Every structure is written in C-alpha cells, then in structure tokens.
Amino acid sequence: MTAILKKELGSFFTSAVGYVVLAVYYFFAGLFFYYYCLMRSSKDMATLFSNMFMITVLVIPIITMKSFSEEKKQKTDQALLTSPLGLGEIVMGKFLGSTVMFLCCMAIYILFALTLCTYPSGTPDWSVFLGNLLGTILLGSAMIALNVFISSLTESMIISAIIGMCAGLAIFFIDSIANLVSVEWLSTAIASISFVRHYTNFTTGILSVADTVFFLSVIVLFIFLTLRVLEKRRWS
C-alpha cells in the first residue's frame with residue numbers, strides 16, 4: 001500500500017495536475033477569505049468553509065480522475081492487478097494518495113486561522129474552525145471514495161472527471177430535489193442522504209456522531225464497490 005501511496009503522490013507533482021489543483025483551490029479559498037474575513041474584519045470562518053463546499057466537490061474529480069483511468073489507458077492495470085499486492089492495498093493506496101493531496105489543499109485554512117490571530121478582531125472561534133475543518137475532511141474523503149470508484153469504471157480521465165463533477169453537482173442539489181418530491185417518505189429518504197445536510201452541523205462547531213458515521217459509511221461503501229469492480233476485472 002505504501003508503494004501505491006508514494007506513486008500516487010509522486011504522480012501529482014511530476015505532472016501539472018497537482019499544481020493546477022492547488023492553484024485553483026488556493027485561489028478560491030483566498031478570494032473567499034479576503035471577502036468574508038479580511039474585508040469585513042470578521043473572525044468567523046464558517047462562511048468561508050460553506051462557500052468552498054462547491055469548489056471542493058468540483059476539484060476532487062480532478063484529483064481522482066487519474067486513479068484507475070490512467071492505469072487502464074496506459075494498459076498498466078493488468079500488471080497492477082496481478083502484482084503481489086492485495087486489491088485492498090491497491091484501492092487504499094489510491095484513496096489515501098488522493099486524500100493526502102486534498103489535505104495539502106486544506107492546509108491553507110490553518111494559515112488563514114493564524115492570520116486572523118494577528119488582527120484586532122481577535123482569534124477565530126477554534127471550536128467552529130475545527131468543526132468546519134473536520135467536516136470538510138470527511139466530506140472530501142467521501143467525495144474522493146466516490147470519485148475513485150467512478151475512475152475505476154472508465155479508461156478516460158476526462159470522462160471520469162466530468163462524471164465526478166456531475167455527481168458532485170447532483171449531491172449539492174439533493175436537498176432541492178427532495179423538496180420537489182411530493183411523496184413524503186421518498187422526500188425524507190432522499191434528504192437523508194444529503195451531503196449538505198450532514199455537513200451543516202460541522203459548520204457550527206457541533207461534532208455529530210451520526211453525521212460522522214454517515215460520511216464514514218459513504219467512504220466504506222464506495223471503497224467496497226471499487227474493490228468489486230477490480231475483483232471482477234482481475235478474474236476476467
């Protein structure tokens with residue numbers, strides 16, 4: 001697993017992908033930080049995190065699009081699947097590599113929080129900051145697991161990224177879709193899988209066990225589905 005993890009991390013910075021992802025993420029994070037915190041002399045970073053929700057679900061498909069699609073395109077997937085590594089190690093290596101890349105994106109928030117400590121408005125509310133940070137990590141990890149699964153289904157990185165972005169947009173609008181459904185039980189069922197709803201509690205600094213379990217369950221589900229896809233390919 002360590003070898004796969006190192007390979008994944010290396011691939012981000014031996015190509016333009018890692019630098020483009022960091023540049024895009026830092027640009028929007030910096031823009032929102034300047035507008036909502038610095039311009040308004042506010043120490044509340046919750047709005048910054050909330051506005052980065054959409055950026056997160058759109059950037060992650062770019063991070064994960066190479067996971068398995070590139071292996072299939074370059075015909076190296078068979079060598080990978082027949083290697084001594086277990087399928088679980090391969091999938092977890094890919095997943096953790098993308099997660100570490102996402103954590104590099106999120107490192108900017110720590111710099112922002114430290115910057116606010118130097119302003120007259122005072123230090124940020126650390127419970128709210130940590131809640132948002134944890135919520136974003138869980139959200140991002142769930143989206144990474146989903147997009148790694150999508151990458152395992154196609155050999156085109158572009159298609160993988162586009163499908164991942166469409167899935168991200170669908171997830172963002174799940175609450176709106178639930179409100180349009182007139183059947184109450186179906187509307188409730190759709191709303192229960194809303195990433196936005198489960199993420200919201202974290203933005204107020206509340207550590208919800210139920211919301212944490214939801215995101216962890218999504219991660220486990222899509223890692224399991226990715227394993228099944230690879231297992232089927234290995235035996236075929």
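Just so you know, these numbers come straight off a predicted model, no measurement behind them.
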For ring-ring contact (aromatic ring centres under 6.0 Å, His included), just list the numbers for Phe195 and Phe172, CA-CA rounded to whole Å, side-chain angles, deciding distance to a tenth of an Å, and then say yes or no.
-> CA-CA 7 Å; Phe195 280 40; Phe172 185 79; over 10 Å; no
Check: [Y] and [X] side chains under 4.5 Å, non-hydrogen atoms:
X      : Y      : answer
Met106 : Tyr25  : yes
Cys105 : Leu22  : yes
Lys94  : Val91  : no
Val148 : Phe222 : no
Val59  : Phe28  : no
Thr136 : Met52  : no
Phe33  : Leu116 : yes
Ile190 : Val181 : yes

Nearest heavy-atom neighbours spanning [X] and [Y]:
X      : Y      : answer
Ile193 : Phe214 : O-CZ, 3.7 Å
Ala46  : Asp44  : N-OD1, 3.0 Å
Ala29  : Leu48  : O-CD1, 3.5 Å
Thr99  : Ile144 : CA-CD1, 3.6 Å
Ser152 : Val229 : O-CG1, 3.6 Å
Phe102 : Gly140 : CE2-CA, 3.6 Å

Do the side chains of [X] and [Y] join up, straight or via other hydrophobic residues, at under 4.5 Å, putting them in one cluster?
X      : Y      : answer
Phe27  : Met39  : yes
Ile90  : Leu227 : yes
Val220 : Leu146 : no
Val213 : Val196 : no

Should the heavy atoms of other residues, nucleotides or ligands under 6.0 Å from OH of Tyr35 be counted, would the total exceed 12?
-> no
side-chain hydrogen bond (donor to acceptor under 3.5 Å, both in side chains) between Ser151 and Ser69, intermediate numbers included = CA-CA 5 Å; Ser151 179; Ser69 297; 3.2 Å; yes
Rounded to the nearest 0.5 Å, what separates atom [atom1] in [X] from atom [atom2] in [Y]?
X      : Y      : atom1 : atom2 : answer
Leu114 : Phe112 : CG    : CZ    : 11.0 Å
Leu38  : Thr115 : CG    : OG1   : 7.5 Å
Ile171 : Ile177 : CD1   : CD1   : 10.5 Å
Phe49  : Tyr109 : CZ    : OH    : 5.5 Å
Leu139 : Phe202 : CG    : CZ    : 10.0 Å

Can you list the residues that meet the salt bridge (charged side-chain N to carboxylate O under 4.0 Å, His left out) rule with Asp175, with sequence neighbours excluded?
-> Arg197
Honestly, is Arg40 close enough over Tyr36, meaning NZ or CZ under 6.0 Å from the six-membered ring centre and within 45° of the axis?
-> no
Chi angles and distances behind the side chain to side chain contact (heavy atoms under 4.5 Å, CB included) call for Val17, Lys66 = CA-CA 9 Å; Val17 174; Lys66 297 174 62 178; 3.9 Å; yes
Counting N and O atoms only, with roles assigned by atom type, does the side chain of Ser192 sit under 3.5 Å from a partner on the main chain of Ala189, one being a donor and the other an acceptor?
-> yes
List the atom pairs, with distances to 0.1 Å, where a side-chain N or O of residues 154-167 and a protein N or O form a donor-acceptor pair under 3.5 Å, not counting sequence neighbours.
unit_1 : atom_1 : unit_2 : atom_2 : d
Thr154 : OG1    : Ser156 : N      : 3.1
Ser156 : OG     : Ile158 : N      : 3.4
Ser156 : OG     : Ile159 : N      : 3.2

